[in-house]
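First the proteins, then the strands, lettered A, B, ... as listed; each starts at 1. Just so we're clear, the structure is a prediction, and the values are computed from it rather than from any experiment.
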Amino acid sequence: MTITAVDTEKPRADAAPRPRRGLGDTARAYLLNAPAMIVIGLLVAYPIAYSFWLSLHRYNLKLPALERFVWFQNYVSLISDPTFLSSLRVTVAFVVVVLVLTVVLGTALALVLNETFLGRGVLRSLVLLPWAMPGVVNGLMWRTIFDAKTGALNGLLLQLGLIDSYQAWLTSPSGAFFITAFAQVWNTLPFTVIILLAGLSTIPGEQYDAAKVDRAGVLQRFTQVTLPWLLHPLLIVLILETMNAFRAFDTIYVLTGGGPGDATNVIAVLNVRTVLTYTDFGLGSAYSWVITIVTLVISIGYISTLYQRGRIDV
Amino acid sequence: MTRKVVLYALAIGFALYLVVPFYWIVNMSFMHEVDAASVPPHFLPHDPTAANYLSFVNPSTDQALVGSNAVGDTPYAVLNSLVVAFSTAVVNLVLGTFAAYSFSRIQFRGSQVLLIVYLLTRMVPGIAIIIPFYLVMRALDLLDTYGALILSYTTFALPITIWILKDYFRTVPRELEDAARVDRCGWFRMMWTVFLPISAPGLVAAAIFSFMTAWNEFMFALFMTSSISSQTIPVIAANFATDLNTQVTLMAAAGVLAVVPPLVLVLICQRLIVQGMAAGSVKG
């Protein structure tokens with residue numbers, strides 16, 4: 001959605017900015033950008049710098065007397081902290097599972113919606129439902145479904161004869177882990193589907209006709225025609241969903257609170273707990289910076305891939 | 001033939017996947033507490049009641065104590081969310097329109113860099129700026145006010161707003177502006193009477209994005225608010241979840257309430273969203 005891809009060979013007669021005379025254009029452009037630049041500068045750039053500065057301090061709201069500059073001590077203590085290392089492992093596993101599920105389910109759903117069938121409009125509207133659901137409510141919803149005593153899943157599976165006793169889904173570490181990933185995927189799927197659907201709608205019909213003439217099967221048509229056209233939107237999906245999964249917080253916070261044990265204690269949950277419960281602003285900032293650096297490295301990687309493919313237009 | 005069968009099977013499967021989980025909390029929200037706890041569960045409320053929804057307006061004494069007054073606070077939280085989300089959308093549209101117009105109409109030095117910088121600020125996780133944000137808002141005495149939330153959500157939504165709008169603005173024919181200029185129409189009047197009305201789908205898509213960002217956000221709301229004078233519905237919904245004595249039926253009703261306003265908005269504007277997004281978004 002945010003990154004525009006345009007066929008580079010095709011000039012856009014109407015859309016491309018027309019070169020205009022006068023020296024004032026650049027000045028005028030920056031004047032028009034000034035409000036946005038001021039807001040973003042004050043509310044993002046300055047806080048980022050300040051948070052880095054904080055991360056070099058021992059700064060705990062509860063212990064104001066101990067406040068002092070400690071260089072990179074917070075970062076050093078992170079690297080040797082088993083809680084941090086385990087949460088890093090959980091986060092990476094979470095991101096991978098969420099990405100795989102999102103891409104597979106999202107592609108399948110987008111392909112279905114791209115066909116014509118009775119009730120397609122209804123299904124298109126239904127796709128928007130999870131988008132309208134705040135992450136907190138999403139967490140609440142799955143908690144009532146996976147609840148060990150009153151949950152819908154246990155009741156359903158028992159009535160179908162698939163299990164012979166109620167399961168405590170959320171109290172087993174691997175169960176909780178996959179349930180949070182599943183809940184996250186449900187919540188973020190609409191976005192993926194909208195982007196992939198927009199990508200699918202741009203594939204020229206002749207490509208499929210040509211493939212049919214060549215007697216290509218369904219699978220061949222998918223790998224030879226659909227997939228190449230879908231690569232770019234998929235890359236956008238990967239960017240957005242990696243970011244989302246890395247900072248996933250609200251659904252997990254409500255669903256498992258990071259437990260049982262450390263099974264779903266992703267880095268964002270750990271970060272919030274450090275800041276909110278322990279009011280340790282110095283260490284909390286160091287956590288934030290680790291998340292920031294990882295996400296920035298990944299986004300720069302993705303964006304430069306887009307550039308190399310010549311598919312970014314700004 | 002088999003192709004059709006597979007297609008319908010998949011479509012029905014996905015429809016169930018999307019709807020059934022939500023159906024379950026709707027179902028629970030109309031149940032009595034006793035029925036919600038029954039084994040096996042009822043997949044239809046056998047004695048449907050609106051009591052859970054009514055108790056948000058008039059909670060009984062024991063309900064009022066759930067989740068630090070979450071029950072009585074719910075209507076106010078919905079109202080707070082509406083105010084914050086609408087304001088965020090408006091602020092974003094105003095700031096975003098100026099910036100996006102410059103990208104769509106003027107060729108200027110550094111435009112590419114500036115666009116990437118806007119995009120990169122969106123890549124910064126909220127948690128990374130939350131502490132300085134908190135300290136700044138405390139210094140400005142804005143904690144626990146709408147202002148703190150609207151400002152933070154603007155930083156989340158503005159980059160996306162600018163990207164959506166710039167793509168849409170590029171589809172507006174330049175001749176219309178030229179015609180307005182010939183008629184000696186000033187820039188602001190031209191924007192207001194000609195340009196913006198034509199850009200309605202893009203503006204709606206961008207506004208809904210900002211609205212949803214603000215409506216769904218939880219982490220900043222958790223940090224920046226402390227009382228019902230600014231707490232949003234996700235914060236109150238989380239209070240239901242963290243209270244051990246919570247009534248599941250009440251919690252379900254609060255959850256449904258939190259989904260309905262954005263859902264209605266999205267369904268009404270569905271066509272405009274797709275139209276607005278398709279303008280530039282993912283043309284491949």
Side-chain angles (χ1 to χ4, degrees), chain A residues 1-2 4-6 15 17 19 25-26 29 32-33 35-36 39-40 43-44 47-48 50-51 54 109 112 115 117 123 125-126 128-129 132-137 140-141 144-145 150 152 155 159 195 198-199 202 229 232-233 247 249-250 254 268 271 281 284-285 288 291-292 295-296 299 314, chain B residues 7 10-11 14-15 18-19 21-22 24-25 28 36-37 40-41 95 98-99 101-102 105-109 112 115 121 123-125 127-129 131-133 151 154-155 158 160 163 167 170 216 218-219 234 237-238 241 248 251 255 258-259 262-263 266-267 270 277-278 280-284:
Chain A
M1 27 94 15
T2 49
T4 309
V6 168
D25 272 2
T26 300
L32 286 167
N33 272 289
V39 167
I40 285 183
L43 299 178
V44 183
I48 286 179
Y50 190 40
S51 116
L54 276 177
L109 184 46
V112 169
E115 301 289 324
F117 60 91
L123 193 56
S125 302
L126 290 181
L128 297 173
L129 170 64
M133 187 170 286
V136 170
V137 179
L140 285 180
M141 183 179 85
T144 63
I145 290 172
T150 61
Q159 282 179 345
I195 294 171
T202 60
W229 279 85
H232 178 262
R247 50 181 92 149
F249 169 70
D250 31 17
V254 173
N271 196 165
F281 283 16
S285 299
S288 313
I291 303 182
T292 308
T295 40
L296 278 182
S299 7
V314 288
Chain B
L7 185 64
L10 279 174
F14 273 119
L18 292 165
V19 168
F22 183 61
W24 178 249
I25 60 166
M28 284 193 104
L95 295 178
F98 286 120
Y101 181 84
S102 75
R105 284 297 191 259
I106 305 172
Q107 241 175 9
F108 63 101
R109 266 177 178 285
Q112 301 223 349
L115 264 176
T121 63
M123 304 287 174
V124 174
I127 186 89
I129 54 173
I131 297 170
F133 224 94
L151 282 176
T154 299
T155 66
L158 193 53
I160 296 181
W163 276 76
D167 287 338
R170 282 182 182 172
N216 292 346
F218 173 56
M219 200 194 286
V248 268
M251 185 168 94
V259 181
L263 189 61
V266 168
L267 291 180
Q270 188 200 3
M277 296 291 292
S281 329
V282 200
K283 282 193 293 203

Review point. Looking at CE of M28(B) and CD1 of I145(A), how far apart are the two atoms once the value is rounded to the nearest 0.5 Å?
Key: 9.5 Å
**Study point:** Nearest atoms (heavy-atom pairs only) where L128(A) meets V266(B)
**Key:** CD1-CG1, 3.3 Å
Point to revise | Top of L18(B), L158(B), I129(B) for chain A proximity - count of heavy-atom pairs under 4.5 angstrom | key: L18(B)
Point to revise | Interatomic distance, N271(A) atom CG to M219(B) atom CE [nearest 0.5 angstrom] | key: 7.5 Å
Exercise for review: Over all heavy atoms of both residues, which pair between P35(A) and L95(B) is shortest? Give the atoms and the distance, please.
Suggested key: CB-CD2, 3.3 Å
Check your understanding: Where do I127(B) and I291(A) land on the side chain to side chain contact (heavy atoms under 4.5 Å, CB included) test, with the steps shown first?
Key -> CA-CA 9 Å; I127(B) 186 89; I291(A) 303 182; 3.9 Å; yes
Exercise for review: Kindly compute the distance separating CG (L129(A)) from CZ (F22(B)), expressed to the nearest 0.5 Å.
Suggested key: 5.5 Å
Revision key, fill the gap. Whatever's closer than 4.5 Å to a heavy atom in chain A on A36(B) counts as backbone
Revision key, fill the gap. Closest non-hydrogen atoms of V254(A) and A241(B), given as atom of the first, atom of the second and distance, are CG1-CB, 3.6 Å
**Study point:** Least distance between heavy atoms, P134(A) atom then V259(B) atom
**Key:** CD-CG2, 4.3 Å
Point to revise | Evaluation steps, side chain to side chain contact (heavy atoms under 4.5 Å, CB included), between F108(B) and N33(A) | key: CA-CA 12 Å; F108(B) 63 101; N33(A) 272 289; 3.9 Å; yes
Point to revise | Selection from G135(A), G284(A), A268(A), A29(A) maximising heavy-atom pairs under 4.5 Å formed with chain B | key: A29(A)
Review point. Side chain, backbone, both or neither: which part of F117(A) has a heavy atom under 4.5 Å from chain B?
Key: both
Practice item. Could you tell me which of I131(B), I25(B), L263(B), T155(B) has the largest number of non-hydrogen atom pairs under 4.5 Å with chain A? Key: I131(B)
Review point. How close do P132(B) and P47(A) get, heavy atom to heavy atom, and via which atoms?
Key: CG-O, 3.1 Å
Revision key, fill the gap. Of the listed L54(A), L296(A), V137(A), V39(A), the one with the largest count of heavy-atom pairs under 4.5 Å with chain B is V137(A)
Point to revise | S285(A) versus chain B, the contacting section by heavy-atom distance below 4.5 Å | key: both
Check your understanding: Atom CG of N216(B) and atom CG of D250(A): how far apart are they, to the nearest 0.5 Å?
Key -> 8.0 Å
Study note, to complete from the structure: Here the pair of heavy atoms bringing F133(B) nearest to L43(A) is CE1-O, 3.4 Å
